[in-house]
Amino acid sequence: QVQLVESGGGLVQAGGSLRLSCAASGRTFSIYAMGWFRQAPGKEREFVAAIRWSSGRTHYADSVKGRFTISRDNAKNTVDLQMNSLKPEDTAVYLCTNKQTFYSGTYLPDYWGQGTQVTVSS
């Protein structure tokens, strides 16, 4: 089992920045990747970004490329999401995720955090 706890959400004006952080505990020795999803009211959950734990290789949703940056600290078992140039359409609950096994293609997490609210006002 892996436990994920997010922090850093809040209210920000359009054009502003926020930094989310997620701490993993439990079965952290076998992390393959971690990432972020988000879910806005009335919408489906969508992939935001992911990072492979060993190589640091990242990938992003097209909607956030160039504005969001995912990073990890292997020693602390944390993953951060730096969000810049925020837009009202970025408003959502952001969920930290974890994957324990190799994947190629679509990132499908094994574990999910509870989420942190990000609200971007216009």
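The structure displayed is predicted, hence computed values, not measured ones.
- Few gaps surround CD on Gln39; more than 12 heavy atoms of other groups in view lie less than 6.0 Å from it.
- Leu95 and Val2 fall into different hydrophobic clusters, where Ile, Leu, Val, Met, Phe, Trp and Tyr residues are linked whenever their side-chain heavy atoms come under 4.5 Å apart, directly or through other members.
- Taken together through direct or relayed side-chain contacts under 4.5 Å among Ile, Leu, Val, Met, Phe, Trp and Tyr, Val48 and Ile31 form part of one hydrophobic cluster.
- Trp36 and Leu81 get closest at one heavy-atom pair: NE1-CB, 3.6 Å.
- Thr91 places a side-chain N or O within 3.5 Å of a backbone atom of Pro88 that can act as its donor or acceptor partner.
- Looking at heavy atoms from C-beta onward, Phe47 lies in side-chain contact with Phe37 at the 4.5 angstrom threshold.
- Formation of a donor-acceptor pair under 3.5 Å by the Arg72 side chain with backbone atoms of Ser54 is found in this model.
- Donor-acceptor pairing under 3.5 Å is lacking for the side chains of Gln13 and Ser121.
- Although no hydrogens or angles enter the test, the distance criterion places a donor-acceptor pair under 3.5 Å between the side chain of Arg67 and the main chain of Ser63.
- Atom OH of residue Tyr60 and atom OG1 of residue Thr69 lie 4.5 Å apart, to the nearest 0.5 angstrom.
- For Gln1 and Arg27, the side-chain atoms include no donor-acceptor pair closer than 3.5 Å.
- Of all heavy-atom pairs between Ala24 and Met34, the closest is CB-CE, 4.1 Å.
- In terms of heavy atoms, Cys96 sits closest to Leu4 at O-CD1, 3.5 Å.
- Across every non-hydrogen atom of Glu6 and Tyr94, the tightest pair is OE2-O, 4.0 Å.
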List the steps, then state whether side-chain contact (heavy atoms from CB on, under 4.5 Å) holds for Val79 with Ile51.
CA-CA 9 Å; Val79 62; Ile51 185 166; 4.0 Å; yes
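- A distance of 10.5 Å separates CG of Asn74 from OG1 of Thr28, quoted to the nearest 0.5 Å.
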Report the C-alpha distance between Ser104 and Phe102 in whole Å, list the side-chain angles of each, state the deciding distance to 0.1 Å, and finish with yes or no for side-chain contact (heavy atoms from CB on, under 4.5 Å).
CA-CA 7 Å; Ser104 177; Phe102 172 84; 4.0 Å; yes
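- The closest side-chain donor-acceptor pair between Ser17 and Asn84 falls under 3.5 angstrom.
- Annotation: the span from Asn77 atom CG to Cys22 atom SG amounts to 10.0 Å, rounded to 0.5 Å.
- Residues Asp110 and Thr101 approach most closely at OD2-N, 4.0 Å, considering heavy atoms.
- To the nearest 0.5 Å, the span separating OG1 on Thr78 from CG on Asp73 amounts to 4.5 Å.
- Pairs engaging residues 39-80 under the disulfide (SG to SG under 2.5 Å) rule: none recorded [sequence neighbours left out].
- In terms of modelled atom types and a separation under 3.5 Å, the side chain of Tyr111 and the main chain of Gln100 share no donor-acceptor contact.
- For Asp90 and Lys87, the salt-bridge test fails: no basic side-chain N is under 4.0 Å from an acidic carboxylate O.
- For Asp80 and Ser21, the side-chain atoms include at least one donor-acceptor pair closer than 3.5 Å.
- Leu11 and Phe68 fall into different hydrophobic clusters, where Ile, Leu, Val, Met, Phe, Trp and Tyr are joined by side-chain heavy atoms under 4.5 Å apart, directly or via other members.
- Between the OH atom in Tyr107 and the OG1 atom in Thr97 there is a gap of 3.0 Å [rounded to 0.5 Å].
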For Arg38 and Thr116: C-alpha separation, side-chain torsions, deciding distance, then whether side-chain contact (heavy atoms from CB on, under 4.5 Å) applies.
CA-CA 9 Å; Arg38 66 186 182 186; Thr116 185; over 6 Å; no
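- Both tests pass for Arg52 against the ring of Tyr103: distance under 6.0 Å to the centre and angle within 45° of the axis.
- Heavy atoms only, all atoms of each residue included: Leu108 and Lys99 are closest at O-NZ, 2.9 Å.
- How far CD of Gln82 is from CD1 of Ile70: 12.0 Å, rounded to the nearest 0.5 Å.
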Candidate pair Met83 and Leu20, rule side-chain contact (heavy atoms from CB on, under 4.5 Å), full reasoning
CA-CA 8 Å; Met83 306 184 293; Leu20 305 182; 3.7 Å; yes
